[in-house]
Amino acid sequence: MEPKKFKPTTQQMEDGPERLNKIMVELEKLYPDAKCALVYKNPLELMIATILSAQCTDVRVNIVTKDLFKKYHKAKDFAEVEIGELEEMVKPTGFYRNKAKNIKAACIVIQEKYKGKVPGTLEELVELPGVGRKTANVVLGNAFDVPGITTDTHVIRLSRLMGLSSNTDPVRLEYDLMDIVPQKQWTKFSHMMIYHGRNICNARKPDCDNCSLRKHCSFGLETE
DNA sequence: CTCCCGATAT
DNA sequence: ATATCAGGAG
């Protein structure tokens, strides 16, 4: 029988809060100024930018919204927009028919039900067309200072690689992370994970050799 | 589960 | 050519 090669597992590392704490310390060192990368001036612009960010880089969203927010300002403007015109403007972000339709529909609701102001609770936000839990948490965390963990593609991927949770379902993962991350850090944690997911631990080729989280990461240890 | 979908890196 | 990008709805 072949001697088993040593492969560290999540159980063999520091587990639970202790390991997460070390990851948080490293993340804080790497990204002390981590914040929302989307450019916006108010909750409405952030909501729209976040809807546009689905399956699209924030860099491209910011290019599109630069012109978009120059042309339209209030919820009323988007509620009354010519849909074809909006489609053309958001086309580079992909899914442009859905996104244009959702932005217009959401702004109609905001205009009629909320007097033009974006609502500030999770329950109200997720009722808006095109606004799911992730988008709602981005708006709450950055425009309303309500702590929230955004389980986007980066947070899901890194959480799995780091062994922070076995759940890949966004909602279950969100609750798992809320259990182990201090509530005051929820929004910042999301931003730091996203920065790291872009800079080092990207999906195509995670750069473990240059990752200072490697010794606290189940994937990093297993691929040493 | 599938569909929506353009732009870029590999 | 294929995978991926701050997802959401049916």
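Reminder, nothing fancy here: chain letters follow the sequence lines and each chain counts from 1.
Between the side-chain ring of A:Y96 and the base of B:dG6, no stacking contact exists by the 5.5 Å and 30° definition. Where stacking is scored as ring centres under 5.5 Å apart with planes under 30°, A:F95 registers as stacked on the base of B:dC4.
Looking at heavy-atom distances under 4.0 Å, A:R204 makes contact with a base. Using a 4.0 Å heavy-atom distance criterion, A:L128 is classed as a sugar-phosphate-only contact. No engagement by A:V155 is indicated, since no non-hydrogen atom pair under 4.0 Å with the nucleic acid exists.
Nucleotides of DNA chain C nearest to A:P129 and A:N202 differ in position, and the one nearer the 5' end is that of A:N202. The residue among A:G130 and A:A37 whose nearest nucleotide of DNA chain C is located toward the 5' end is A:A37.
The phosphate of C:dG7 (OP1 or OP2) has no side-chain N or O of A:R133 nearer than 4.0 angstrom. Note on A:R198: every side-chain N or O is 4.0 Å or more away from OP1 and OP2 of C:dC5. In terms of phosphate contacts, A:T135 brings a side-chain nitrogen or oxygen within less than 4.0 Å of OP1 or OP2 of C:dG8. When the side-chain nitrogen and oxygen atoms of A:T150 are compared with OP1 and OP2 of C:dA6, none of them lie within a distance under 4.0 Å. Listed pair A:R97 / B:dC5 meets the phosphate criterion, a side-chain N or O lying under 4.0 Å from OP1 or OP2.
Across the protein-nucleic acid pair, A:E87 atom CD and B:dG6 atom P stand 11 Å apart, rounded to whole Å. The nearest whole Å value for the distance from the CD1 atom in A:I63 to the C1' atom in B:dA7 is 10 Å. Atom CD1 in A:I149 sits about 19 Å away from atom P in C:dA6, given to the nearest Å. One can place CD of A:Q55 at 12 Å from C1' of B:dA7, the figure rounded to the nearest angstrom. Atom P of nucleotide C:dC5 and atom NZ of A:K91 are separated by 24 Å, given to the nearest angstrom. In this structure, A:D152 atom CG and C:dT4 atom C1' are separated by 13 Å, rounded to whole Å. In this structure, NZ of A:K99 is placed 18 Å from P of B:dC3, rounded to the nearest angstrom.
Summarising the local packing, OH of A:Y114 is surrounded by more than 12 heavy atoms from other residues, nucleotides or ligands at distances under 6.0 Å.
Relative ring orientation between A:F69 and A:F78 is described as perpendicular, the plane-to-plane angle rising above 60° on a 0-90° scale split at 30° and 60°.
Across C:dA3 and B:dT2, the matching P atoms stand 15 Å from one another, rounded to whole Å.
A distance below 6.0 Å separates the ring centres of A:Y31 and A:H196.
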